[in-house]
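In what follows, chains carry the letters A, B, and so on, assigned in the order in which the sequence lines appear, proteins first and then strands, with residues in each chain numbered from 1. This one's a predicted model, so the numbers in the text were calculated from it and none came from an experiment. Every heavy atom of this structure was used, including side-chain atoms; hydrogens, water molecules and symmetry mates were not.
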2 protein chains.
Amino acid sequence: MTAPGADQPQPLPLSVDRTSPVPLYFQLAQQLEAAVEQGRLAPGTLLGNEIELAARLGLSRPTVRQAIQSLVDKGLMVRRRGVGTQVVHSQVRRPLELSSLYEDLEAAGQRPATKVLRITMEPATAEIAAALGVAEGTEVHLVERLRYAHDEPMALLRNHLPPDLLALTAQELESTGLYRLMRASGITLHSARQSVGARTATAGEGRALDEEPGAPLLTMERTTYDDTGRAVEFGSHVYRASRYKFDFQLLVR
Amino acid sequence: MTAPGADQPQPLPLSVDRTSPVPLYFQLAQQLEAAVEQGRLAPGTLLGNEIELAARLGLSRPTVRQAIQSLVDKGLMVRRRGVGTQVVHSQVRRPLELSSLYEDLEAAGQRPATKVLRITMEPATAEIAAALGVAEGTEVHLVERLRYAHDEPMALLRNHLPPDLLALTAQELESTGLYRLMRASGITLHSARQSVGARTATAGEGRALDEEPGAPLLTMERTTYDDTGRAVEFGSHVYRASRYKFDFQLLVR
DNA sequence: GCCATGGCTTTGTCCGGACAATCGAACTAG
DNA sequence: CTAGTTCGATTGTCCGGACAAAGCCATGGC
């Protein structure tokens with residue numbers, strides 16, 4: 001084998017900027033990811049060995065490995081000892097982020113809108129107190145919203161939040177999503193426990209969502225935690241099954 | 001601050017075996033994970049700085065960092081520059097693995113059982129051909145199964161598989177899950193695209209699942225890919241909403 | 001023709017060190 | 001007493017090197 005990079009006639013224009021504050025491994029990872037995204041690195045392509053790649057870029061092997069590893073973690077590439085690193089074939093997109101419905105709709109160009117139905121304080125029931133980690137009967141925020149996409153009702157959202165966390169106004173809630181408000185006020189979202197099920201609509205839900213009573217609904221309950229382990233939100237939502245599906249990608253651990 | 005390990009009076013018994021073929025970073029990660037699991041490392045505990053930890057174990061800092069990083073990736077710990085690494089509070093369990101229903105039920109001690117309803121070859125419809133990446137009309141495997149837990153019907157599973165992948169027998173399918181059979185025959189599962197929705201039961205589904213027609217059902221469609229990017233399975237499943245929920249944890253990227 | 005062996009390539013693991021960036025707390029000046 | 005500053009602690013990034021383990025292929029023996 002004379003030409004090691006025989007798989008890619010044009011060796012792919014890669015470069016790093018050492019004056020940038022962006023870490024070198026991250027710069028490289030971004031360029032590789034973009035190349036995969038744009039098809040400049042075809043699925044199945046061998047990436048060429050790490051040592052040579054490092055030499056070509058003037059980087060050390062650990063730095064190059066760190067970049068490649070981050071792409072492997074994202075599911076974009078596969079490494080095989082003795083073989084090399086190759087771009088994975090399938091259409092991997094995003095492995096289920098912790099995103100709000102609002103952001104999902106916005107990203108899909110669905111013109112999301114929100115109508116705030118209620119925004120009060122209420123004593124926590126046993127279930128909600130347990131989810132939020134507060135004493136039963138503690139006054140907690142309650143927000144009830146109706147979410148629209150293209151002017152059609154999509155979902156009925158009920159959220160409970162612990163007190164002293166955030167000041168919520170109807171105006172803010174109608175112009176953006178709850179998670180964005182939380183992040184903006186300095187809360188670092190970390191993880192969430194979700195439960196997705198189905199049931200039929202009550203009469204009230206039917207009216208709100210423009211469905212017949214007895215129509216199938218998708219339900220989701222979610223407790224979200226910040227990076228200190230504190231529960232920051234408990235949501236109990238129903239979606240119109242005729243208009244909404246959870247769509248996501250997952251990777252093998 | 002005189003005692004750097006003031007957070008943990010007993011410095012936690014950690015040790016590595018250099019004669020073992022198990023990587024050192026992995027040994028350390030396992031021990032730390034076990035300590036978190038068993039509560040010997042309380043939530044919020046500072047882990048003590050990496051350099052000292054490395055010295056104590058006779059390891060280098062990169063090795064210790066690799067161990068800790070793997071736990072951070074799992075969501076068990078949080079690192080903060082200038083502060084340290086601490087055990088996260090919340091009850092993180094598993095961030096949604098690519099697991100089969102069979103394995104989930106088995107792990108939960110639910111006595112799963114399977115009844116194979118059909119196992120044939122069929123020409124692929126347009127939808128199935130697209131999902132599996134074969135030509136429309138190609139003969140593909142079709143497997144229909146009824147899954148029980150505690151002798152109660154739980155879900156109706158329809159799977160399509162490309163030809164020349166696997167030899168399926170009803171006997172094997174009744175004694176274990178499909179994914180386990182795939183793994184056993186050398187297929188490396190890599191990722192899957194899922195879509196979860198809801199609808200009402202047809203008369204036939206009602207009979208099979210012991211539900212009224214019109215009862216709410218959870219639906220899931222899933223296309224699974226191996227590490228070469230080849231689609232290895234397309235599943236179209238319905239679950240009894242009265243008996244089943246998707247329950248999972250997710251982490252912020 | 002077939003199988004085992006050995007060598008080559010490539011990634012996996014590990015080391016020891018260096019400096020930068022960030023956080024929190026103690027300290028100092030007003 | 002308060003606000004700004006400095007400083008120590010800790011993780012983040014990066015380097016260069018070394019050897020081990022695994023996969024692939026060609027060679028050679030049967």
Name the closest nucleotide to the B:R79 side chain, picking from D:dG12, C:dT11, D:dC14. D:dG12

Rounded to whole Å, please give me the gap between CD1 in A:I68 and P in C:dT10. 13 Å

When the nearest nucleotide of DNA chain D is assigned to B:E50 and to A:S60 on a heavy-atom basis, which residue is associated with the more 5' position? B:E50

Starting at CD of A:Q86 and ending at P of C:dT10, how long is that distance when rounded to a whole Å? 14 Å

With a sphere of 6.0 Å drawn around CD of A:Q38, does it hold more than 12 non-hydrogen atoms of other residues, nucleotides or ligands? yes

Between D:dA21 (P) and B:F26 (CZ): distance, integer Å: 17 Å

Treating A:E33 as the side-chain partner and A:L71 as the backbone partner, does any N or O pair qualify as donor plus acceptor under 3.5 Å? no

Taking only the side-chain nitrogens and oxygens of B:T85, find out if one of them lies under 4.0 Å from OP1 or OP2 of D:dT10. no

Could you state the CZ-C1' distance from B:R65 to D:dT11, rounded to the nearest angstrom? 6 Å

Once you round it to whole Å, what is the distance between C1' of C:dT9 and CD of A:E52? 12 Å

Please tell me if A:Y25 has a side-chain N or O lying less than 4.0 Å from either OP1 or OP2 of D:dT13. yes

Between B:G82 and A:Q66, name the one whose nearest nucleotide on DNA chain D is closer to the 5' end. B:G82

Can you identify which nucleotide, out of C:dC15, C:dT11, D:dT10, has its nearest atom closest to the A:R81 side chain? C:dT11

Interatomic distance, B:N49 CG vs C:dC23 C1' [rounded to whole Å]: 15 Å

Can B:L32 and B:L41 be said to form a side-chain contact (heavy atoms from CB on, under 4.5 Å), step by step? CA-CA 8 Å; B:L32 290 173; B:L41 268 179; 4.1 Å; yes

Of the listed nucleotides (D:dT11, D:dC15, C:dT10), which one gets closest to any side-chain atom of A:L59? D:dC15

Tell me if the CZ atom of A:F26 is crowded by more than 12 foreign heavy atoms within 6.0 Å. no

Check if the side chain of B:R61 and the base of D:dT13 share a donor-acceptor pair of N or O atoms closer than 3.5 Å. yes

Between A:Q27 (side chain only) and A:V22 (backbone N and O only), is there a donor and an acceptor less than 3.5 Å apart? yes

Categorize A:P23 for me: base, sugar-phosphate, or nothing, with a 4.0 angstrom heavy-atom threshold over every strand shown. sugar-phosphate

Here the distance between atom C1' of D:dA9 and atom CG of B:L53, to the nearest Å, is 16 Å

Calculate the interatomic distance between A:L24 atom CG and D:dG12 atom C1'; express it in whole Å. 12 Å

If you look at every strand shown and take non-hydrogen atoms under 4.0 Å, does B:R80 touch a base, only sugar-phosphate, or nothing? sugar-phosphate

Going by modelled atom types, is there a donor-acceptor pair between the base of D:dT13 and the side chain of A:R18 at under 3.5 Å? no

